[in-house]
Undergrad: 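The structure's right below; bear with me while I get my questions together.
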There are 2 protein chains.
Amino acid sequence: MLTIGEFSRLSHLSVRTLRRYHDAALLEPAAVDPASGYRYYSVDQIPTAQVIQRLRELDVPLSDVQRILRSPDPDVRAALVSEHLQRLESELDRTRSAVATLRRLLQPAPPPIAVELRAVAATTVAAVEGDVDHGELLAWYAGAMAELTAATTEPTGAPGGLYDNELFEDGHGHALVHVPMRVPPRSGRVHPVTLPAVELAVATHAGAHDDIDVTYGELGAWVVANELAVAGPVRETYLVGPRDTPDPEEWRTEIGWPVFRLGPR
Amino acid sequence: MLTIGEFSRLSHLSVRTLRRYHDAALLEPAAVDPASGYRYYSVDQIPTAQVIQRLRELDVPLSDVQRILRSPDPDVRAALVSEHLQRLESELDRTRSAVATLRRLLQPAPPPIAVELRAVAATTVAAVEGDVDHGELLAWYAGAMAELTAATTEPTGAPGGLYDNELFEDGHGHALVHVPMRVPPRSGRVHPVTLPAVELAVATHAGAHDDIDVTYGELGAWVVANELAVAGPVRETYLVGPRDTPDPEEWRTEIGWPVFRLGPR
DNA sequence: TCTCCACCCTCCCCCGGGGGGAGGGTCCAC
DNA sequence: GTGGACCCTCCCCCCGGGGGAGGGTGGAGA
């Protein structure tokens with residue numbers, strides 16, 4: 001039996017951290033003296049301590065570490081771990097995209113953007129919609145768009161999406177992806193929707209979506225500079241996307257912000 | 001002039017976060033109504049807001065974001081940013097190593113480890129030592145070992161290191177790297193040291209140091225199982241290292257834990 | 001057997017970068 | 001002029017740790 005200090009030396013976990021893990025029911029000491037409260041550990045617990053340490057280095061939350069440790073089946077364990085590795089992978093994507101945006105933002109003279117004001121009539125579309133968290137938006141988009149394209153034939157235009165401003169302001173909100181069709185089907189999550197007519201300020205984003213927020217910002221600046229105000233969910237139209245060409249440089253996304261003229265003029 | 005809500009929609013930063021950035025003097029509103037406290041932003045501030053957002057996605061601390069934004073020279077900016085990218089790179093290394101360790105830890109039946117008890121006589125060495133934070137240990141090691149190898153000729157044995165247990169328990173402590181020599185030189189940080197004689201429990205770790213803590217743990221378990229207790233800084237000896245062969249599989253590191261027998265026997 | 005000191009305990013506060021929500025003031029369009 | 005959307009500040013919570021206070025314990029040497 002080892003005292004907490006000895007166990008700390010052997011496991012390379014700090015005493016404080018070991019106590020925290022005890023409180024979190026992550027790594028219970030093999031024995032606790034009921035009189036003094038002293039924690040005593042067994043050498044068998046060293047590997048467990050090290051597993052915890054490594055998972056923490058991967059930023060696995062303590063609650064998930066607990067789930068991993070509790071599952072006796074090594075296959076389940078491996079699945080949980082690789083799930084987290086996948087999460088890390090997507091983090092890496094996020095990092096890559098942030099770097100790309102920074103490059104564009106920090107370049108000295110960003111080329112001016114072309115913005116067009118366009119009246120859009122009401123449109124009938126096949127749509128998949130839902131309330132989503134901002135973090136899950138990309139994953140949700142992938143699933144929704146896959147279901148949508150599988151269910152649609154003879155689209156009358158490029159696919160698009162509507163995204164509530166709350167998604168970005170509060171981190172969660174309504175999202176809708178759609179494909180315009182004359183007679184939209186109804187199957188699974190896919191159902192017909194009529195998008196209302198709006199006045200749109202439209203800019204076109206070129207390339208991958210890594211730095212699409214920069215275009216958003218420039219469009220927003222234009223909207224404000226032209227004495228307009230935004231109203232309603234932003235509309236994206238995927239003119240050229242990954243389904244058309246694998247080269248991200250060729251992708252084209254229209255960003256349309258519903259606007260109205262400020263004040264009576 | 002935009003209210004905070006409008007600016008939030010345009011910049012995709014939450015209202016709360018904008019207020020926090022104001023408090024942190026990161027993104028000051030273009031104007032603040034002294035009567036009502038209302039914040040008013042200018043469209044020119046959208047790019048700044050987006051830079052902050054991206055840097056935060058890279059986990060750059062707000063204080064560093066401030067330093068980056070405050071530096072007018074774009075070269076300095078770029079340098080600060082790439083410094084953080086380098087930090088991310090090393091994080092990635094840490095992740096890779098954690099994955100490697102997990103693989104070794106989660107494999108069903110780890111092969112038993114060979115441990116040897118060895119009396120080591122006092123040794124004269126050329127050494128570089130210092131008090132280091134655990135996080136900086138690897139960087140410190142690289143610098144110290146480089147200085148050391150540059151200053152030594154005719155070593156009488158493999159290089160090694162002594163690492164205080166406090167390094168792992170408290171996150172900072174004393175570290176020493178050395179090369180055994182008959183007549184150690186004195187230049188820069190390099191100076192002669194006589195390592196005291198100790199009784200060592202020695203295990204050999206094979207491969208890169210990614211999962212060296214696993215070997216530490218197994219050695220510790222052996223020490224405890226054999227009724228010994230650890231005393232003093234752990235000693236590593238780099239029998240085969242990156243200076244000998246580029247293949248990490250071939251590397252061999254001796255881990256020696258100073259021990260003494262428990263109780264009078 | 002006693003004493004001393006290293007060790008252990010719990011408890012509270014702090015960090016950073018956000019979110020939730022309460023309670024109350026302000027702006028503006030109808 | 002009034003309602004409701006918007007804005008303000010303030011406090012508490014989250015996570016996973018660290019610092020430190022204040023006090024109890026265990027075992028080695030005297």
Side-chain angles (χ1 to χ4, degrees), chain A residues 1-9 12-27 29 31-41 52-53 55-66 133-135 165-166 168-173 229-231 260-264, chain B residues 1-9 12-27 29 31-41 52-53 55-66 133-135 165-166 168-173 229-231 260-264:
Chain A
M1 281 303 172
L2 304 160
T3 66
I4 197 171
E6 292 164 339
F7 193 74
S8 160
R9 275 185 284 281
H12 286 177
L13 284 166
S14 80
V15 170
R16 305 190 79 94
T17 300
L18 286 173
R19 285 202 271 252
R20 190 186 319 282
Y21 290 171
H22 180 195
D23 292 344
L26 255 183
L27 183 65
V32 178
D33 184 328
S36 66
Y38 275 33
R39 297 169 176 85
Y40 294 98
Y41 292 84
I52 297 175
Q53 193 180 21
L55 290 173
R56 285 299 306 135
E57 280 185 28
L58 299 178
D59 283 325
V60 177
L62 288 188
S63 54
D64 293 8
V65 173
Q66 195 182 28
D133 279 354
H134 186 214
N165 288 313
E166 284 79 27
F168 311 103
E169 288 173 60
D170 302 338
H172 35 80
V230 302
F260 62 91
R261 192 156 297 280
L262 278 175
Chain B
M1 282 304 171
L2 304 160
T3 66
I4 198 171
E6 292 164 338
F7 193 74
S8 161
R9 275 185 284 281
H12 286 177
L13 283 165
S14 80
V15 169
R16 305 191 79 93
T17 300
L18 285 173
R19 286 202 269 253
R20 189 187 321 281
Y21 290 173
H22 180 194
D23 291 345
L26 253 184
L27 183 65
V32 178
D33 185 329
S36 66
Y38 275 33
R39 298 169 176 84
Y40 294 99
Y41 293 83
I52 296 174
Q53 193 180 20
L55 291 173
R56 284 299 306 135
E57 280 185 29
L58 300 177
D59 283 326
V60 177
L62 288 189
S63 53
D64 293 8
V65 172
Q66 196 182 28
D133 279 355
H134 186 216
N165 288 314
E166 283 80 27
F168 310 103
E169 286 173 60
D170 302 339
H172 36 256
V230 303
F260 61 93
R261 193 157 296 279
L262 278 174

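In what follows, every chain begins at residue 1, and chains take the letters A, B, ... in the order their sequences are listed.
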Undergrad: Using a cut-off of 4.0 Å on non-hydrogen atoms, how would the nucleic acid contact of A/R20 be classed: base, sugar-phosphate, or nothing?
TA: base
Undergrad: If you measure from CZ on A/R56 to CG on A/D64, what distance do you get to the nearest 0.5 Å?
TA: 10.0 Å
Undergrad: With a 4.0 Å cut-off on heavy atoms, is A/R56 in touch with a base, just the backbone sugar-phosphate, or nothing at all?
TA: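 Contact class for A/R56: sugar-phosphate only.
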Undergrad: Have a look at A/R39 and say if it touches a base, only the backbone sugar-phosphate, or nothing, with a 4.0 Å heavy-atom cut-off.
TA: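 Contact class for A/R39: sugar-phosphate only.
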Undergrad: Kindly point out which of D/dT25, C/dC27, C/dG20 is positioned nearest to the side chain of A/S36?
TA: D/dT25
Undergrad: Measure from CG on B/L18 to P on C/dG19 and round the result to the nearest Å.
TA: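 The answer, rounded to whole Å, is 10 Å.
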Undergrad: Roughly how far, to the nearest 0.5 Å, is the OG1 atom of B/T17 from the CG atom of B/L62?
TA: 9.5 Å
Undergrad: Between D/dC7 and B/T3, is there an OP1 or OP2 to side-chain N/O distance shorter than 4.0 Å?
TA: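 The answer is yes; a side-chain N or O of B/T3 sits under 4.0 Å from OP1 or OP2.
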Undergrad: Taking all non-hydrogen atoms of both residues into account, name the closest pair between A/M1 and A/E6 and its distance.
TA: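 Nearest heavy atoms, A/M1 then A/E6: O-OE1, 4.2 Å.
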Undergrad: Could you give the distance from OH (A/Y21) to CG (A/L13), rounded to the nearest 0.5 Å?
TA: 6.0 Å
Undergrad: What heavy-atom pair brings A/E169 and B/G5 nearest, and what distance separates the two atoms?
TA: OE1-O, 4.5 Å
Undergrad: In whole angstrom, what separates B/Y41's OH from D/dC8's C1'?
TA: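 Nearest whole value for this atom pair: 12 Å.
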Undergrad: Select base, sugar-phosphate, or nothing to describe what A/H22 touches, counting heavy atoms under 4.0 Å on all strands.
TA: nothing
Undergrad: Give the rounded distance in Å between these two atoms: CD of B/E166 and C1' of D/dG18.
TA: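 Atom-to-atom, B/E166 to D/dG18, this comes out as 16 Å.
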Undergrad: Under 4.0 Å, counting only non-hydrogen atoms across every strand here, what does B/S63 touch: a base, just sugar-phosphate, or nothing?
TA: nothing
Undergrad: B/E169 CD to C/dA6 C1': how many Å, rounded?
TA: 13 Å
Undergrad: For D/dG17 and B/H134 - does any side-chain N or O of the residue sit under 4.0 Å from the phosphate oxygens OP1/OP2?
TA: no
Undergrad: Nearest nucleotide by nearest heavy atom, which residue falls closer to the 5' end of DNA chain D, A/P61 or A/Y40?
TA: A/P61
Undergrad: Using a cut-off of strictly less than 4.0 Å, decide whether A/R19 has a side-chain nitrogen or oxygen near OP1 or OP2 of C/dC9.
TA: yes
Undergrad: Whole angstrom is fine here: how far is it from CD1 in B/I4 over to P in C/dG25?
TA: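 Rounding to the nearest Å, CD1 of B/I4 and P of C/dG25 are 20 Å apart.
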Undergrad: Assess whether one donor atom and one acceptor atom, taken from the side chain of B/Y38 and the base of C/dG25, lie less than 3.5 Å apart.
TA: yes
Undergrad: Mind calculating the distance between CD (A/E6) and P (C/dA6) to the nearest angstrom?
TA: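 Rounded to the whole Å, the gap is 16 Å.
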Undergrad: So what does A/D170 touch, heavy atoms closer than 4.0 Å: a base, only the sugar-phosphate, or nothing?
TA: nothing
Undergrad: Round to the nearest Å and state the distance from A/L27 atom CG to D/dG16 atom P.
TA: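 Answer to the nearest Å: 15 Å.
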Undergrad: Examine C/dG19: is either OP1 or OP2 under 4.0 Å from a nitrogen or oxygen in the side chain of B/T17? Give yes or no.
TA: yes
Undergrad: Closer than 3.5 angstrom, by distance alone: can the side chain of A/D170 be matched with the main-chain N or O of A/H172 as a donor-acceptor pair?
TA: no
Undergrad: Output yes when at least one side-chain N/O atom of B/S14 is less than 4.0 Å from OP1 or OP2 of C/dG18, else no.
TA: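 No.
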Undergrad: Taking the nucleotide of DNA chain D with the nearest heavy atom to each, does B/G5 or B/R16 sit closer to the 5' end?
TA: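 Result of the comparison: B/G5.
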Undergrad: In whole Å, what is the span from the CD atom of A/E57 to the P atom of D/dG17?
TA: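 These atoms are roughly 11 Å apart.
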Undergrad: Is any side-chain N or O of B/Y21 closer than 4.0 Å to OP1 or OP2 of C/dG18?
TA: yes
